[in-house]
Every structure is written in C-alpha cells, then in structure tokens.
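Each remark here refers to the structure printed beneath this line.
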Amino acid sequence: METMTAVLILLVTVAVSGIIGRFVTRVPQPLIQVALGAALGWASGVPIVLNPDLFLLVFIPPLLFLDAWRFPATELRRLGGIIVTLAVGLVVFTVVGAGHVIHWLLPAVPLSTAFALAAVLSPTDAVAVSGMAAGGGMPRRLKHILEGEALLNDASGLVCLQFAVTAALTGTFSIGGAAVAFLWAAGGGLLVGVVVVAAVHLVQSWIIRLRGDSPAATILTMLLVPFAAYLAAEHLDMSGILAAVAAGMTLNLLPLEESGQVATRLQGTAVGDMIQFTLNGVIFVLLGWQLPGILVQAPMIAMQAGAPHTGPMDMPVSLGWLGLHVAAIVGALLTLRLVWVWLSLLVSRAIAQRRGRARAGGAAGSTFRLVSVTTVSGVRGAVTLAGVLSLPVWLREGVAFPGRDVAIFLASGVILVSLPMASLMLPWLLRGLSMPGEDLTVEEERVAEAALARAALRRLEQAHQAVSPAASEADLYTEAALRLMEFYRRQVEDPDMPVDARVLSRRRLAIEAELRLAAVRAKRDELARLHRTHAISDETWRRMMHSLDMMEASLGRSRVL
C-alpha cells in the first residue's frame with residue numbers, strides 16, 4: 001500500500017508540473033519537476049529507496065524505444081555519419097577523458113567508479129534542449145542531429161556504464177575482452193530487438209487481416225515490446241538497451257500506412273506522448289525527492305570524495321567543496337564536447353572540399369555559433385539520472401559500491417547546472433542562426449500535397465468514368481465527382497504559375513481552411529448543446545465528437561501549411 005501511495009504521489013506531482021509549466025514557460029519543465037520533488041522530499045522526510053535493476057528496467061527500455069520509434073528514419077540515413085560521430089565517438093572520448101578528470105579531481109573515488117560516472121554523464125537529453133529552444137528557433141537540421149545523437153548515445157553511454165560496473169564488481173578489465181564482449185552485446189542486442197519486433201508485427205498483421213484492428217490491444221502489445229526485447233537480450237547476456245533501441249527503429253521502418261489502422265496511429269501517438277512525459281517527469285521528481293537526503297549527507301559524501309577537514313558541523317563547507325567539483329566536471333564536459341565538435345566539423349568540411357561539395361559562405365562567426373550551440377545543447381537529463389541511480393548498492397555482500405553516493409551527487413549537480421545554463425544561453429545563441437537546406441522541408445511538404453492531390457484526381461476520374469450513364473444515380477455521382485475534383489484541383493500548383501499567383505492560391509486555401517475550421521467548431525458547440533439537453537446519446541456524442549476532432553486536426557494542419 002505504501003508503494004502504491006508513493007507511485008500515485010509521483011504521478012500527481014508530474015501532472016501538477018505540467019500545469020505549472022503552462023504558466024511558467026521560461027523555466028525548463030525538468031527544473032519544475034525537480035523543485036516539486038525536493039519540496040515533497042523535504043515535507044515528507046521519507047526517503048524513497050530505489051532498486052537499481054528494477055529502476056533500469058522500468059524507465060530505460062520504454063524511453064529509448066519511444067525515442068527510436070519517433071525519430072525520422074530519413075533524417076537518420078541522411079545525417080547518419082554526423083550522428084554516429086557524436087553518439088559513439090564523442091561518448092568514448094567523454095568516458096575516457098572525463099573519467100580521468102574525475103579521478104584526478106577526486107583521487108578517493110576509484111577509477112572504475114569515475115568511468116561509470118563519466119559513462120552516465122556522456123548521454124545528452126536533446127529532447128529537453130529542443131523544447132527549451134523552441135521559441136528561439138533551433139534549425140530543423142541541427143535539432144535532428146541533436147535528437148539522433150541523444151537517441152544513440154543513450155545506448156552507447158549505458159553500454160559503457162555496464163562495462164564500468166562489471167570492472168568494479170570483478171576488479172579486472174581487459175581491452176580485448178571488453179571489445180569481444182561489446183561486439184557480442186551490441187550485435188546480439190540489435191538482432192534481438194529486430195527479431196522481437198518483426199515477430200510481433202507478423203502476428204499482429206495476421207490477426208488484423210483476419211479479424212480487423214483493435215487499437216487498444218495493438219498499442220498495449222507495442223508498449224510491451226521494449227520490455228520483451230530488453231529482458232530477452234539480458235537473458236542472453238546481450239545489451240538490453242540496444243535491443244530496446246533496435247526495436248523502436250525497426251517499428252519505425254515497418255509499414256503502418258494501412259487505412260484500417262488510422263485509429264491505432266492517432267491513439268498510439270497520444271499514448272506515447274503521455275508515457276514519455278510521465279516517465280521523464282517521474283525521473284526528475286525522484287531526483288528532487290532525493291535532494292534533501294543528499295544535502296543532509298553532504299559532509300559524509302564529501303568525506304567519501306576525499307574532502308579535507310569535513311565533518312557533520314560544516315555542511316556549507318562540504319556543499320561548497322562539492323559544488324566546485326560539479327562546476328569543474330561541467331567545464332570538463334563542455335570542453336571535451338567543444339573540442340570533439342570542432343574537430344568533427346573541420347574533418348567533415350575537409351572531406352566535403354576533397355569531394356568538391358564545399359558550400360560557399362561558412363563565415364567564421366556562424367561556424368563558432370554553430371559549434372557553441374551544439375556544445376551547450378549537450379545537457380544531461382533523464383537517462384543520466386536513471387543510469388546513475390541504477391548503480392548497484394553493494395559491491396559484494398557486506399561491501400558497499402565505492403563512491404556511489406558521490407556519483408549520484410555529482411551527476412545530480414551536473415543535471416541541475418546544465419539545464420538552466422542551456423535555457424539561458426540557447427535563446428541568445430540561436431537568434432538568427434541558420435543551417436543549409438533549412439527551407440527544404442516546407443517546400444517538400446507542398447510538393448507532396450500537390451502530388452497527393454493529383455493522385456486523388458486520377459482516382460476520382462477513374463471512378464467517374466466507371467459509372468454507367470444508365471445508372472439510376474449517375475447524375476449524383478457526376479455532381480459529387482466534379483465537386484471533389486474542383487476541390488483537389490485547387491491544391492495542385494501549376495509549375496509555370498507566377499510566384500504571385502502561387503502565393504495567392506496558397507492564401508486562398510488557407511482562408512478556406514480557416515472558414516472550414518470555424519464551421520467545425522460551430523458543429524462542436526451545437527453537438528455539445530445537443531448532448532447537454534439529452535437530445536443524443538453518449539455513444540452518438542463520442543462518435544461524432546471523435547470525427548470532428550479528426551477534422552479539426554486536419555484543418556489546423558492545412559491552415560499552418
């Protein structure tokens with residue numbers, strides 16, 4: 001009962017943070033959740049004891065699965081080289097560099113623990129960054145690079161964490177053995193993720209063909225997929241983390257465009273948003289809940305970290321000493337990221353020049369701002385916290401894991417410093433920043449809309465010609481087909497049409513969408529009145545309201561375009 005009460009309190013707190021976030025828009029959502037969690041932890045005085053293995057299982061697979069499922073596969077192929085360079089190369093560079101820096105700053109912390117801390121600090125949280133920078137206009141291509149990096153470096157960073165923890169538990173580490181183990185864990189984990197999703201998809205497709213689609217059952221099955229992939233891979237001593245990522249990517253590539261699965265896609269998107277918001281929120285609330293206890297234990301933590309002259313009576317000194325080390329680690333992470341991003345940019349430009357694909361321009365000022373934005377965007381978030389809280393409590397029976405409390409304190413400090421720093425600096429750095437090819441997506445959508453309209457016209461013409469003139473409803477079919485064809489002809493742009501005429505045509509379509517939207521909202525108001533006066537049943541109200549919601553979503557999208 002106590003566990004259930006705690007879960008309900010966490011969920012209510014996350015919901016409250018979402019409400020507060022609507023009013024306090026300049027404060028990052030994670031910081032609001034941390035503050036609420038700290039208030040709860042201080043008011044209750046009851047610490048939450050987390051099982052590391054259970055924590056990792058509950059939070060990591062669904063978060064990585066949803067990130068992989070949502071990431072555009074086309075962008076992953078187009079920007080794959082840059083993303084892999086950041087997601088794998090930078091992670092290894094950060095683990096090695098930051099691990100030695102942490103051990104140099106805190107000699108009392110074992111090297112294996114320092115590497116474990118560096119491993120959990122290597123993944124970035126680009127989703128939080130893109131949310132904070134939305135008002136500042138982050139270029140779409142840069143946003144995709146950062147999100148792709150965050151997707152893959154979550155997996156690579158947590159795999160490095162597993163190796164560091166294994167080294168701490170066994171007391172030995174071999175580069176050759178680690179390389180073989182990494183290949184087995186990575187390759188096997190990816191294969192398990194693909195196989196699990198492919199098998200589930202085949203079974204579901206067979207059931208849908210026989211009995212139709214059931215959105216609730218289909219969505220629930222897909223939500224269980226990351227856990228199945230994770231547990232299957234871990235049972236085979238493979239990487240469950242990479243299995244969850246591979247499962248999400250595989251689902252992203254599978255064909256789900258069947259018209260019979262419209263409701264599944266709409267509901268699945270909403271359910272995915274809710275779960276992602278909830279899990280991320282719970283993680284940050286848990287971080288805040290731990291803070292009062294961590295602060296009380298600051299002198300002890302400082303002693304474990306090797307602070308001189310610390311004791312139970314000098315908490316401000318202990319916090320100040322630990323805070324300086326948090327700042328030093330943040331500086332080291334930023335420096336390592338800056339160096340790697342700068343060198344990667346130089347190498348990519350040299351390769352492009354050699355292949356004759358160098359672009360004109362590329363002023364030094366814009367290059368520096370681009371590197372600065374990419375560097376500052378490397379904030380740490382939910383995956384970092386989940387990873388550090390998953391560190392085992394015991395090294396072996398009766399022996400605590402060395403430096404675990406220190407690692408949790410430092411990781412929490414890095415998160416709390418990097419989030420507000422990015423929220424303050426990114427809007428200023430992003431002002432006026434652009435990248436090549438940023439306007440291609442909008443034009444791409446307009447071209448696609450015209451192609452879709454032409455396809456609809458062809459199908460309507462075929463249907464119109466297939467109607468026999470002698471049919472009883474031939475006139476009605478003709479009238480309806482001509483009306484629909486006129487509607488779609490207005491969406492097809494003539495390639496030879498003058499620019500002014502194109503602008504006028506698009507504006508006309510936008511005005512038409514606005515008028516249709518006003519009509520749909522009037523329908524909704526009238527439907528609500530009929531429901532209030534009991535003129536229609538609840539079932540009719542729900543069905544018609546769902547239809548109006550889908551129409552409004554479609555018209556709202558048309559108005560934006």
Side-chain angles (χ1 to χ4, degrees), residues 13-14 16-18 20-39 41 59 63 67 94 98 117-118 120-136 138 142-143 146-147 149-151 153-154 157 276-292 294-295 319 322-338 372-389 407-430:
T13 306
V14 173
V16 171
S17 72
I20 296 175
R22 299 178 192 175
F23 296 95
V24 190
T25 55
R26 298 198 174 190
V27 179
Q29 189 91 38
L31 290 183
I32 297 174
Q33 293 161 347
V34 169
L36 291 175
F59 289 95
L63 283 175
D67 284 341
T94 301
L117 176 57
V120 299
L121 291 175
S122 60
T124 56
D125 192 344
V127 175
V129 174
S130 60
M132 288 186 290
M138 177 174 285
L142 178 59
K143 181 174 176 287
L146 294 174
E147 289 179 347
E149 176 200 3
L151 168 64
N153 70 13
D154 287 347
Q276 196 165 36
F277 172 76
T278 302
L279 293 181
N280 275 293
V282 168
I283 289 175
F284 283 110
V285 171
L286 285 173
L287 168 59
W289 200 305
Q290 305 290 318
L291 285 181
I294 292 176
L295 294 180
L319 286 175
L322 289 169
L324 289 175
H325 285 77
V326 168
I329 293 172
V330 170
L333 292 172
L334 288 174
T335 302
L336 292 168
R337 186 172 176 86
L338 176 66
S372 300
V373 168
T374 309
T375 301
V376 175
S377 298
V379 300
R380 273 62 188 176
V383 173
T384 290
L385 184 58
V388 76
L389 291 177
I408 293 176
F409 183 94
L410 295 176
S412 303
V414 169
I415 294 171
L416 294 177
V417 170
S418 62
L419 278 172
M421 181 181 67
S423 66
L424 292 174
M425 295 182 65
L426 277 178
W428 174 66
L429 290 172
L430 287 170

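- Contact annotation: the side chain of L319 approaches that of L295 to within less than 4.5 Å [non-hydrogen atoms, C-beta and beyond].
- For I415 against G381, the heavy-atom pair with the smallest separation is CD1-O, 3.6 Å.
- Rounding to the nearest 0.5 Å places OG1 of T94 at 5.5 Å from CG of L336.
- Screening residues 328-337 for salt bridge (Lys or Arg N to Asp or Glu O under 4.0 Å) gives E149-R337 as the qualifying pairs, with residues at least two apart or on separate chains.
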Give the C-alpha distance, both sets of side-chain angles, the deciding distance and a yes or no for side chain to side chain contact (heavy atoms under 4.5 Å, CB included) between N153 and S122.
CA-CA 7 Å; N153 70 13; S122 60; over 6 Å; no
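- L424 contributes atom CG, which lies 11.0 Å from atom CG of L429 (distance to the nearest 0.5 angstrom).
- Proximity of V34 to L291: side-chain heavy atoms (C-beta onward) are separated by under 4.5 Å at one or more points.
- Contact annotation: the side chain of Q290 never approaches that of L385 to less than 4.5 Å [non-hydrogen atoms, C-beta and beyond].
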V388 vs R380, test: side chain to side chain contact (heavy atoms under 4.5 Å, CB included). Steps then yes/no.
CA-CA 12 Å; V388 76; R380 273 62 188 176; over 6 Å; no
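- Note that CG of L286 and CZ of F59 are 5.5 Å apart. Values are rounded to the nearest 0.5 Å.
- Annotation for L121 and A411: closest pair CD2-CA, 4.1 Å, computed over non-hydrogen atoms.
- Using a distance-only test at 3.5 Å, with no hydrogens or angles considered, no donor-acceptor pair links the side chain of Q33 to the main chain of V14.
- Residues W428 and S372 fail the side-chain proximity criterion, which asks for heavy atoms closer than 4.5 Å.
- Shortest non-hydrogen contact noted between G41 and P292 is C-CG, 3.9 Å.
- To the nearest 0.5 Å, the span separating CG on L287 from CG on L416 amounts to 5.5 Å.
- Taken from CG in L117 to CD1 in I408, the straight-line distance is 10.5 Å, to the nearest 0.5 Å.
- If you take CD on E147 and CG on L142, they are separated by 10.0 Å, rounding to the nearest 0.5 Å.
- The shortest side-chain heavy-atom distance between P420 and L31 falls under the 4.5 Å cut-off.
- Minimum interatomic distance between V120 and T384 (heavy atoms only, all atoms of both residues): O-OG1, 2.7 Å.
- Contact of the F284 side chain with the L419 side chain is registered, since non-hydrogen atoms from C-beta on lie closer than 4.5 Å.
- Contact detail for L333 and A98: the closest heavy-atom pair is CD2-CB, 4.0 Å.
- Listed here is the closest heavy atom pair of S418 and V379: O-CG1, 3.3 Å.
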